[in-house]
2 protein chains.
Amino acid sequence: MIMATVRARPASARKTRYASATRDDLVRSAVALFTTHGYAGTSLDVIAARARVTKGALYHHFRDKQDLFEAAFSAVEKKVYAKLKKVLATSENLWVKAGLVVREYLQSCLDPAYQRIVIHEGPVVMGWQRWRDAQEGLSFGVIRDAIADLRAAGGLSGLPVEVTARLVCGALSTAATMIANSPDPKRVSEETEDAVVRLLGLVRAGAEAQGLR
Amino acid sequence: MIMATVRARPASARKTRYASATRDDLVRSAVALFTTHGYAGTSLDVIAARARVTKGALYHHFRDKQDLFEAAFSAVEKKVYAKLKKVLATSENLWVKAGLVVREYLQSCLDPAYQRIVIHEGPVVMGWQRWRDAQEGLSFGVIRDAIADLRAAGGLSGLPVEVTARLVCGALSTAATMIANSPDPKRVSEETEDAVVRLLGLVRAGAEAQGLR
DNA sequence: GAAACGAACATACCACGGGTATGGTGCGGC
DNA sequence: GCCGCACCATACCCGTGGTATGTTCGTTTC
């Protein structure tokens, strides 16, 4: 029984020392499957199969299913973070910049992966505390900083920054969910942006009127 | 082998024809366990045991685990709905009433059961669409109506009601989650209410300033 | 009034999926 | 050249959702 080297690997046997590549494959596979079928609806065997490995490899790189989920979470979050950071680099008027960040974040929230993994299943799978901490230095940090700038510039007298940022994020993610699940995303999207811009305008008008008095 | 009537029932054998009571027991048990251990972390056997029955009884009253979850969801939602309805019955100034509703909803969101079952796990377990529909006639309906009144009264020029209501709910539920998971709920709660009231004030000021022009 | 019927459960069993224990293989270090 | 470890596959265990079937007892029907 010689049969040479053709072991019954999941196909296209990877040689060796490609550990990080394997890890990335697993994360990509997890992101795709968690996005379409959810955390509970995706088995580890299927994730591993899509990455052309077995559960053994998976458990070599990750402690458990939750650990893999967190890796997928981070991967998705980092992309959005990069986009927001780029928008924030433009040096316009603070209020204008706030509008841009809001617009960009709304757009990011439309990504199915971000929506399901980060917004919806994140707090359930990871637990809210851990979910919050994981976002601290990423997309949420950007939004919080924007609001802090706004406050420092004089508007928003005495508004607690952290809390307000959370409120804004909550509202926006809800909005994005609404858009994504709408039968007519185009229309709802415009309506939502309109509403957000209007509200932002009202707050600005209120802040200025109050500031003048 | 006579042994009389003493069957090995899960203790305290219920006679018969107490079907609705059994159902309620199961729902109460589910609410309690889902609240503390989450949907995935709670087995049907444990739920049944707490209700002093077996899985057989559970599957007689509910199609599957998800069906039981929805029953628990409805039970929790109805309580909050009743409270909101009561607050809305007071006939004060519309803006004052809006403030009261916001305050009451925030308070309701602090209930661990409402927080975990309705806000967090609801959309994940039931799917967002179904979750949205299930809330339509309950707590969300109350908030949407309040905003509709506000708009009809002249303020909030041309704001889309449905969308705005979703934004408000999203922000408030996020706020409540933040409060509940804070190491110092008392302080964060006050801070949050302060922020919400301030923002509401800003919007009102903006609306009035804009309305005067 | 007893036989038939069905609601309201209990019991026994299966399949699937997360997790573990163990085995194998090739590369780097000495 | 052999040792050890990273890297991964295979085999297995067990908790859990779901199903199929059995059992009891009140209600109905003739």
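What's counted below: heavy atoms across the whole structure, side chains too, no hydrogens, waters or symmetry copies.
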Under 4.0 Å between a side-chain N/O of [X] and OP1 or OP2 of [N], yes or no?
X: T22(A); N: dC8(D); result: yes
X: T54(B); N: dT11(C); result: no
X: H61(A); N: dA6(D); result: no

Report the distance from atom [atom1] of [X] to atom [atom2] of [N], rounded to the nearest whole Å.
X: K55(B); N: dT11(C); atom1: NZ; atom2: C1'; value: 11 Å
X: L58(A); N: dT10(D); atom1: CG; atom2: P; value: 15 Å
X: H60(A); N: dA6(D); atom1: NE2; atom2: C1'; value: 5 Å
X: L26(A); N: dC8(D); atom1: CG; atom2: C1'; value: 11 Å
X: Y59(A); N: dA21(C); atom1: OH; atom2: P; value: 12 Å
X: D25(B); N: dA8(C); atom1: CG; atom2: P; value: 14 Å

Does anything in [range] pair up under salt bridge (Lys or Arg N to Asp or Glu O under 4.0 Å), and if so which pairs, sequence neighbours excluded?
range: residues 185-195 of chain B; value: R103(B)-E193(B), D184(B)-R187(B), R187(B)-E191(B), D194(B)-R198(B)
range: residues 172-182 of chain A; value: none
range: residues 109-120 of chain A; value: R116(A)-E121(A)

In residues 37-45 of chain B, which residues come under 4.0 Å of DNA chain D by heavy atom? T42(B), S43(B), L44(B)

Under the rule for side chain to side chain contact (heavy atoms under 4.5 Å, CB included), what residues qualify as partners of S43(A), not counting sequence neighbours?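 So S43(A) forms a side chain to side chain contact (heavy atoms under 4.5 Å, CB included) with D45(A), V46(A).
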
Set of residues satisfying side chain to side chain contact (heavy atoms under 4.5 Å, CB included) with respect to V188(B), sequence neighbours excluded: I179(B), S182(B), T192(B)

side-chain hydrogen bond (donor to acceptor under 3.5 Å, both in side chains): pairs with one or both residues in residues 129-139 of chain A, sequence neighbours excluded: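 Every pair satisfying side-chain hydrogen bond (donor to acceptor under 3.5 Å, both in side chains) with a residue in residues 129-139 of chain A: E70(A)-R130(A), E77(A)-Q135(A), E77(A)-S139(A), Y114(A)-S139(A), E136(A)-R144(A), E136(A)-R166(A).
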
Say you draw a straight line from CG of D149(B) to CG of L94(B); how long is it, rounded to the nearest 0.5 Å?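 Separation between the atoms: 6.0 Å.
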
Strand contacts (DNA chain C) in residues 62-76 of chain B, 4.0 angstrom heavy-atom criterion: none

Do V53(B) and L58(B) come close enough that some side-chain heavy atom pair is under 4.5 Å?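 Not touching, per the 4.5 Å side-chain cut-off.
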
Residues in salt bridge (Lys or Arg N to Asp or Glu O under 4.0 Å) with E104(B), at least two apart?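 Result, salt bridge (Lys or Arg N to Asp or Glu O under 4.0 Å) vs E104(B): none returned.
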
